[in-house]
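Below is one structure, written out as structure tokens; comments come after it.
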Amino acid sequence: MTTALIDLRTVARDRRGLRIALAGELDFHTAGRVEPRLAELAGCGHRNMVLDLSGISFCDSSGIELFLRLHQGCGSSGMRLLLCDVPPLLVKPMRVLGVDRGLPLSPT
């Protein structure tokens, strides 16, 4: 059995907000691994949290649910979540599910 990998890196912290890059496969197992860290970062007092998703090679519904929970958590702490460089493999399912109506995403 192979374990899927996910990498979470803080790319920048400045007055505009916090930029985080995610790379790898975002599925049931890996979403559970990165969610506590992302939730912790959501409460750190920045104005914006920008998730760079250009390195995501796979994402199932667990990953999309993670984005929605994170969006809610950010909103309750006064932070705005933005998804940038969203790969095509994620854009279509997010639009079909209506995620893009409440959560800003910027495709690659």
Side-chain angles (χ1 to χ4, degrees):
M1 179 190 224
T2 311
T3 303
L5 299 176
I6 189 79
D7 182 40
L8 181 148
R9 286 181 292 121
T10 301
V11 178
R13 289 178 190 240
D14 58 27
R15 62 179 173 69
R16 292 174 296 180
L18 177 65
R19 186 175 182 96
I20 299 165
L22 283 175
E25 298 182 3
L26 193 54
D27 60 16
F28 176 77
H29 300 288
T30 59
R33 282 191 226 145
V34 297
E35 185 168 11
R37 181 66 178 136
L38 288 170
E40 176 186 332
L41 291 167
C44 69
H46 287 282
R47 185 174 54 183
N48 296 310
M49 176 186 280
V50 180
L51 288 183
D52 178 341
L53 303 180
S54 62
I56 295 292
S57 58
F58 173 82
C59 182
D60 66 9
S61 60
S62 299
I64 294 172
E65 289 176 22
L66 168 65
F67 298 140
L68 291 171
R69 284 191 303 274
L70 189 58
H71 176 63
Q72 289 175 335
C74 284
S76 65
S77 68
M79 181 184 269
R80 194 170 112 193
L81 175 66
L82 306 164
L83 303 180
C84 75
D85 295 329
V86 181
L89 66 99
L90 261 172
V91 172
K92 185 175 181 180
M94 291 179 90
R95 286 190 174 145
V96 167
L97 294 170
V99 173
D100 63 326
R101 288 189 292 254
L103 180 57
L105 45 118
S106 172
T108 48

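The basis for the numbers below is simple: all heavy atoms, side chains too, and nothing from hydrogens, waters or symmetry mates. Worth saying up front: this structure is predicted, and the values here are computed from it rather than measured.
- In terms of heavy atoms, Cys59 sits closest to Leu89 at N-CD1, 3.9 Å.
- Looking at heavy atoms from C-beta onward, Phe67 lies out of side-chain contact with Val99 at the 4.5 angstrom threshold.
- Across all non-hydrogen atoms, the minimal contact from Met79 to Leu41 is CE-O, 3.8 Å.
- The closest side-chain heavy-atom distance from Asp7 to Val34 is not below 4.5 Å.
- Cluster membership for Phe58 and Val91, using ILVMFWY side-chain heavy atoms within less than 4.5 angstrom, is not shared.
- Among residues two or more places apart in sequence or in another chain, the salt bridge (charged side-chain N to carboxylate O under 4.0 Å, His left out) test is passed with Asp60 by none.
- Grouping the Ile, Leu, Val, Met, Phe, Trp and Tyr side chains by contacts below 4.5 angstrom, directly or via other members, places Leu83 with Ile6.
- Separation of atoms CG (Asp85) and OG (Ser106) is listed at 6.0 Å; rounding is to 0.5 Å.
- Rounding to the nearest 0.5 angstrom, the gap separating the CG atom in Leu18 from the CG atom in Leu82 is 11.0 Å.
- A continuous path of Ile, Leu, Val, Met, Phe, Trp and Tyr side chains, each step under 4.5 Å between heavy atoms, connects Leu68 with Leu51, placing both in one hydrophobic cluster.
- Annotation: side chain of Arg37 is in contact with side chain of Glu40 (closest heavy-atom distance under 4.5 Å).
- Looking at heavy atoms from C-beta onward, Leu8 lies in side-chain contact with Leu22 at the 4.5 angstrom threshold.
- Closest non-hydrogen pair, Leu90 versus Val86, comes out as CB-CG1, 3.7 Å.
- Here the CZ atom belonging to Arg19 is positioned 14.5 Å from the CZ atom belonging to Arg13, to the nearest 0.5 angstrom.
- The OG atom of Ser76 sits 10.5 Å away from the NE2 atom of His71 when rounded to the nearest 0.5 Å.
- Between Leu38 and Met49, the closest heavy-atom pair is O-CE, 3.6 Å.
- Side-chain contact between Cys84 and Asp52 is present, with at least one heavy-atom pair separated by less than 4.5 Å.
- With Ser77 contributing its side chain and Ala42 its backbone, the two residues share a donor-acceptor pair below 3.5 Å.
- When every heavy atom of Leu26 is checked against every heavy atom of Thr30, the shortest pair comes out as CA-OG1, 3.2 Å.
- Leu5 and Phe28 are assigned to two separate hydrophobic clusters, defined by single-linkage of ILVMFWY side chains at heavy-atom distances under 4.5 Å.
- Minimum heavy-atom separation, Glu25 to Ser57: CG-OG, 3.6 Å.
- One finds the CG atom of Leu53 at 9.0 Å from the CG atom of Leu105 (value rounded to the nearest 0.5 Å).
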